[in-house]
Amino acid sequence: MIDINLIRDNPELVKENIRKKFQDKKLGLVDEIIALDGKKRALQQEGDSRRAQRNSLAKNIGLLMREGKKEEAEKAKLLSKENNDRIAVIEAESAEAENRLKTCMMSIPNIIADDVPIGRDDSENVQGKVFLEAKEKPFEVPYHLDILESLGGIDLDAARRTSGNGFYYLLGDVARLHSAVLTYARDFMIDKGFTYCIPPFMIRSDVVSGVMSFEEMEGMMYKIEGEDLYLIGTSEHSMIGRFMGEVLNEASLPQTLTSYSPCFRKEKGAHGIEERGIYRIHQFEKQEMIVICKPEESDSWYEKLWNYTVELFVSMEIPVRQLVCCSGDLADLKYKSCDIEAWSPRQKKYFEVGSCSNLTDAQARRLGIRYKNSQTGKNEYAHTLNNTVVAPPRMLIAFLENHLQKDGSVYIPEVLRKYMGGKDKILPKK
RNA sequence: GCAGAGAUGGCGGAGUGGUCGAACGCGCACGACUCGAAAUCGUGUUACGUAGGAAUACGUACGGGGGUUCAAAUCCCUCUCUCUGCGCCA
């Protein structure tokens, strides 16, 4: 949600931003917001003076009662009742205007960064930097499921029986590798100065509706029957929710946190669980990083964050690239975003393994995350950023494809060996 | 899960229907005293919204939501959380 003052002062800028995102159907909302805002303010002024009247009448009635002037008090009561009827009407109108205003404000996209490439959809995203050479293998690389099976590392048949499509049993060294990647990533982020956090894996509906739109909620979130609880789709939900409605001490910023959690997703959206294997599943585990900082610091944090992910993947000897999200592909809350994509030697292309976003104050305004600015003494909205450190099931695809050897074994890079009991490779099951 | 008690400003804590945005204390800011400091004294010190250039004025908010009343921190309903005891459980 953007600052309404921006719409009051500079509606053209907001409209231009909407055009850049190819959401021209929303242009009318800007004028509607200006009208609603004016209406709301007019209603508030009348309401306020009516309420002032109610207060003074009530005060007067109290006085009259004490002086024993019962008749006069009764007369004043009637007057007050009349006034209150009018207040009720104004309040109803005002609530209606405010609701509509909020709905409109929620669909106005955040102002995007100047350097976001302009484009309609994901086909116009722009490749940024490339890290490590994306090499082709001298032999044919099998589908990741076949590699997993050759290592004795997965049982999808049983998972389908116990839980349905979109779940897996990981086994043996592959399961260990999965945990090793998470643990290594955790330590990697701790070394960068981040605070490790294990958050709640279920959150209440008010938190859910704070962090996502109703449509997103329908398509992603699993609800616990008979409880006001949802399974988190990412730890960002509970990590950001932690600061809802808070006024943070300026000295406590930046908050730099890295969190572990399982993630649960319905994946009801465009693709569904169609990809074979562990690319898109209902349950996976993820190490995440979030930053809450002062506005002037969010740009530099954004650069640092996505580079951490790159550094992590490079240390595991997996080629990656940055893919810069274009204006049309950018979610409404985002100021700027990029994906980190890993190289797939089988498909001979890159695929998404993480996503880094700077939401500036849009998410913070929606959730009421503020800090006390010591210069101005005012409470101001903080900036929020989030980024994937690593989500092992999906990154395992890149890992297996890149580190598969001709003999069917899988090479384990140096940095992971201490988490793998010293092993330098995983051998296929004969 | 059951029973009881409770949730008030940055913190502690009073207030049980009207003059309460809220006593008192702590903290914080400014000023006086002082060569300087401590102590002391004085003044100020919630947030949000609307109007205004500003001083300011008005409104809203006493865990969240709803209700009763001319009037709610105070009465009623409900939800959440905390404490105590019992129960249950890794």
With a 3.5 angstrom cut-off on both distances, give the Watson-Crick or G-U wobble partner of [N], or none if there isn't one.
N	result
B:rC24	B:rG12
B:rA54	none
B:rG18	B:rC70
B:rC30	B:rG42
B:rC62	none
B:rC35	none
B:rA7	B:rU80
B:rC86	B:rG1

Taking the [atom1] atom in each of [N] and [M], what is the distance between them to the nearest angstrom?
N	M	atom1	value
B:rU46	B:rG9	C1'	6 Å
B:rG63	B:rG6	P	13 Å
B:rA38	B:rC33	C1'	12 Å
B:rU78	B:rA55	C1'	45 Å
B:rA61	B:rA73	P	7 Å
B:rC83	B:rA90	C1'	24 Å
B:rG15	B:rC24	C1'	12 Å
B:rC76	B:rA23	C1'	28 Å

What's the closest nucleotide to the side chain of [X] if the choices are [options]?
X	options	answer
A:Arg204	B:rA51, B:rC81, B:rC70	B:rC81
A:Arg51	B:rG59, B:rC70, B:rA47	B:rG59
A:Ala52	B:rG18, B:rU50, B:rC58	B:rC58
A:Ala58	B:rA47, B:rA71, B:rG59	B:rA71
A:Asn84	B:rA71, B:rC58, B:rU19	B:rA71
A:Arg41	B:rA51, B:rC70, B:rG49	B:rA51
A:Met65	B:rG18, B:rA47, B:rA51	B:rG18
A:Arg8	B:rG18, B:rU50, B:rA71	B:rU50

#### Entry: Whether A:Tyr222 and A:His282 hold their rings parallel, tilted or perpendicular, with breakpoints at 30° and 60°
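The arrangement is perpendicular - the two ring planes meet at more than 60°.
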### Message
Using only modelled atom types and a 3.5 angstrom limit, is any donor from either the side chain of A:Asn55 or the base of B:rG59 paired with an acceptor on the other?
### Response
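No, no donor-acceptor pair under 3.5 Å.
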### Message
Does this structure show an ion pair linking A:Glu72 with A:Lys75, if we count only N-O contacts that are shorter than 4.0 Å?
### Response
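Result for this pair is no, no salt bridge flagged.
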### Query
Is any side-chain N of the basic residue among A:Glu46 and A:Arg86 closer than 4.0 Å to the acidic one's carboxylate O?
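Yes, charged N to carboxylate O under 4.0 Å.
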Contact class for [X] vs. all strands (heavy atom < 4.0 Å): base, sugar-phosphate, or nothing?
X	value
A:Ile61	base
A:Gln45	sugar-phosphate
A:Asn60	nothing

### Message
I'd like to know whether NZ of A:Lys423 has more than 12 heavy-atom contacts from other residues, nucleotides or ligands below 6.0 angstrom.
### Response
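For A:Lys423, atom NZ is not crowded (no more than 12 foreign heavy atoms under 6.0 Å).
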Please give, in whole Å, the distance from [N] [atom2] to [X] [atom1]?
X	N	atom1	atom2	result
A:Ile90	B:rU60	CD1	C1'	15 Å
A:Asp37	B:rA51	CG	C1'	14 Å
A:Asp228	B:rU78	CG	P	18 Å
A:Arg365	B:rG49	CZ	P	11 Å
A:Glu67	B:rU19	CD	C1'	13 Å
A:Glu91	B:rG59	CD	P	14 Å
A:Glu46	B:rC58	CD	C1'	14 Å
A:Lys40	B:rC48	NZ	P	14 Å

### Query
Quick one: on RNA chain B, does A:Leu57 or A:Gly62 contact a more 5' nucleotide (nearest heavy atom)?
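Whichever sits nearer the 5' end wins; that is A:Gly62.
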### Query
If each of A:Gly47 and A:Leu63 is mapped to the nucleotide of RNA chain B with the nearest heavy atom, which maps nearer the 5' terminus, i.e. the 5' end?
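Nearest nucleotide further toward 5': that of A:Leu63.
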When you check the phosphate oxygens OP1 and OP2 of [N], does a side-chain N or O of [X] lie under 4.0 Å from one of them?
X	N	answer
A:Arg54	B:rU60	yes
A:Lys59	B:rG18	no
A:Arg370	B:rC48	yes

### Message
If the test is salt bridge (Lys or Arg N to Asp or Glu O under 4.0 Å), which one of A:Lys378, A:Lys294, A:Lys372 qualifies with A:Glu250?
### Response
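Answer after filtering A:Lys378, A:Lys294, A:Lys372: A:Lys294.
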### Query
Should the pair A:Lys192 and A:Phe188 be classed as cation-pi, given the thresholds of under 6.0 Å to the six-membered ring centre and 45° from the axis?
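Cation-pi check for A:Lys192 and A:Phe188: passes.
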### Query
Are A:Lys425 and A:Tyr411 in a cation-pi setup, meaning NZ or CZ lies under 6.0 angstrom from the ring centre and within 45 degrees of the ring axis?
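No, A:Lys425 does not sit over the ring of A:Tyr411.
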### Query
Can you tell if the side chain of A:Pro295 reaches within under 4.5 Å of the side chain of A:Tyr371, non-hydrogen atoms only?
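Of all side-chain heavy-atom pairs linking A:Tyr371 with A:Pro295, at least one is under 4.5 Å.
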#### Entry: Gap separating the NE2 atom of A:His178 from the CG atom of A:Leu171, nearest 0.5 angstrom
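Here the rounded value is 12.5 Å.
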